[in-house]
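See structure below.
Positions are given from 1, in the same order as the sequence printed here. All values below come from the heavy atoms of this structure, side chains included, with hydrogens, waters and symmetry mates left out.
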Amino acid sequence: MEKNVLAGLEPKAVFTFFEQLCAIPHGSGNTAAASAWAADFARQRGLRHRQDAVGNVVIWKDASPGYEDHPPVMLQGHLDMVCVKDSGVSHDFLADPLELYIDGDWIKARGTTLGGDDGAAVAMALAVLDDDTLPHPPLEVLLTIDEETGMTGANEVDAADLRSRRLINIDSEVEGVFTAGCAGGARSDIRKTFPTAPATGKVCTLTVTGLQGGHSGVDINKGRANANKLLVECLARLPGIRLIAFRGGEQDNAIPVQAEARVVMADSAAESAQTAADAWLERARAEYPQDDRFSLQLAWADGSDPIEALSEEDTRAVLRLLLDAPNGIQSMEPDLPGQVRTSLNMGVVRLEDGALRSAFCVRSSSGAEKAKLFEDLRALAQANGADYGQHGEYPAWEYRKDSPLRDVMVRVFEKQYGRAPVVETIHAGLECGLLSEKMPGLDAVSIGPDLVDIHSARERMSIASMQRTWAFLLEVLAQL
């Protein structure tokens, strides 16, 4: 990564810490180095801190002069990022730093997600801790790991020594929107292993590309196509095929932008398969006009040498299971027009050597609907002789009608911006729900700068919005 790409930007400390984090591979499940970096930051400055067994980091800082008797406040975000890259990009998220660049008002990463979700929080929190001139109450900064894959870090947080009952979570993506509640959710997996047998004939690789993708919560209501579902629908229309492999999606909480399948069929079926695929593509493009770069490629090869594949019957069973699996919006909030209540995303599908796995991200602000969706997935698995698994469950964060913290933040916002902020709940997971369970009476609000197309390789962060959000955060701390 070219160093100091953001060196000329203000506030200097915020963008310096953001760029330092981007130089450290920190995808979910690979946050040890980022956690060590955060703990080292505290150690170098003589700040009391602790790093727990999973890698969560808590850093304390005493109140500035005149604020000693004010109640403490927590700044909170997560160290991990969603790792998604464009097709053809060779970036290794386990080893390579992100390649940052500036495009007008936007900070982007070449061919990959940027990790502004939630590097923005890490950068701002460390910048606050690093500046001894700022007025603020006693501070507790909590940086968690693996928020994106089930909130593992927040679930493991020991809150016994945390005194804050006011929490500013910096994990929202729209400036001027205060998030005051969120959906709960979990991950679900369906798995089944099928026998394979040698097959000969025409081998075809089908690839769906060019979709928009996005966050499986906040973008689920934007009508964006799911590459896994699209490719399964196409395959189901091809006669006489036997599946060799299927690979679609990268993360269960990202709407998949690409999927690829390899099939084998009799030589005589190739022409009709091509015709059926072309006809399907025309209909699918009409159904998803917003995915205007959507394409389907078929690459043919001679399969004279035997290749291991599923039988035609088991191929139909796989496709039927995946077609029957629910995906997308399941219900809307009856009292909040336009807001999604329950959804799921078929984010990952893999078929390798006969082993099928389909991974879903389930979200709902209704405990009853969430439980029913889990049971529907379990029943689907059982009906198809498959195994069902569930993990990473987290609770909804319920909206508080009375919030003194939110009242202060609204007043500061109105003074700075000359207008009222939007206060809403969000159809996505935030750690505030888990932390509220661990810290009774917690008054929490989530904010953030403008981040666009998170969980996709088009992710970008507004420089001007970061600057305004930073100024807002400092004034809120001064008023608390």
Is the closest side-chain donor-acceptor distance between [X] and [Y] under 3.5 Å?
{"X": "R363", "Y": "S216", "answer": "yes"}
{"X": "W300", "Y": "Q274", "answer": "yes"}
{"X": "D146", "Y": "H78", "answer": "no"}
{"X": "S343", "Y": "H427", "answer": "yes"}
{"X": "S28", "Y": "D80", "answer": "yes"}

**OP:** Before accepting this row, confirm whether a basic side-chain N of the pair K85/E250 lies closer than 4.0 Å to the acidic partner's carboxylate O.
**Re:**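 No, no charged N to carboxylate O under 4.0 Å.
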Salt-bridge present (D443, R406; N to O < 4.0 Å):
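The answer is no: the pair does not qualify as a salt bridge.
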Sorted by chain and residue number, the salt bridge (Lys or Arg N to Asp or Glu O under 4.0 Å) partners of E398 (sequence neighbours excluded) come out as none
Pairs involving residues 178-200, ordered by first then second residue, that meet salt bridge (charged side-chain N to carboxylate O under 4.0 Å, His left out) (sequence neighbours left out) |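 Applying salt bridge (charged side-chain N to carboxylate O under 4.0 Å, His left out) to every pair that reaches into residues 178-200, excluding sequence neighbours, yields R187-D252, D189-R357.
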So the salt bridge (charged side-chain N to carboxylate O under 4.0 Å, His left out) pairs with at least one residue in residues 149-171 (sequence neighbours excluded) are R50-D161
Requested in this report: Tell me whether the centres of the aromatic rings in F17 and F41 are closer together than 6.0 Å.
Outcome: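 Judged by ring-centre distance (under 6.0 Å), F17 and F41 do meet the cut-off.
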- Task: Could you tell me the separation between the CH2 atom of W37 and the OG1 atom of T31, rounded to the nearest 0.5 Å?
- Result: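 Result: 12.5 Å between the selected atoms.
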d(K202 NZ, M265 CE) to nearest 0.5 Å is 10.0 Å
**Item:** Any donor-acceptor pair under 3.5 Å from H455 side chain to N253 backbone
**Value:**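 Checked: pair present.
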Does any N or O in the side chain of E147 come within less than 3.5 Å of the main-chain N or O of G77, such that one atom is a donor and the other an acceptor?
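Checking the backbone N and O of G77 against the side chain of E147, no donor-acceptor pair under 3.5 Å is found.
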When E173, R458, K108, H215 are each screened for side chain to side chain contact (heavy atoms under 4.5 Å, CB included) with D453, the one that passes is R458
Quiz item: If you draw the axis of the six-membered ring of Y101, does the NZ or CZ of R110 fall within 45° of it and under 6.0 Å from the ring centre?
Solution: yes
Q. Please walk me through it: do K372 and D376 pass salt bridge (charged side-chain N to carboxylate O under 4.0 Å, His left out)?
A. CA-CA 6 Å; K372 182 181 183 304; D376 289 346; 3.1 Å; yes
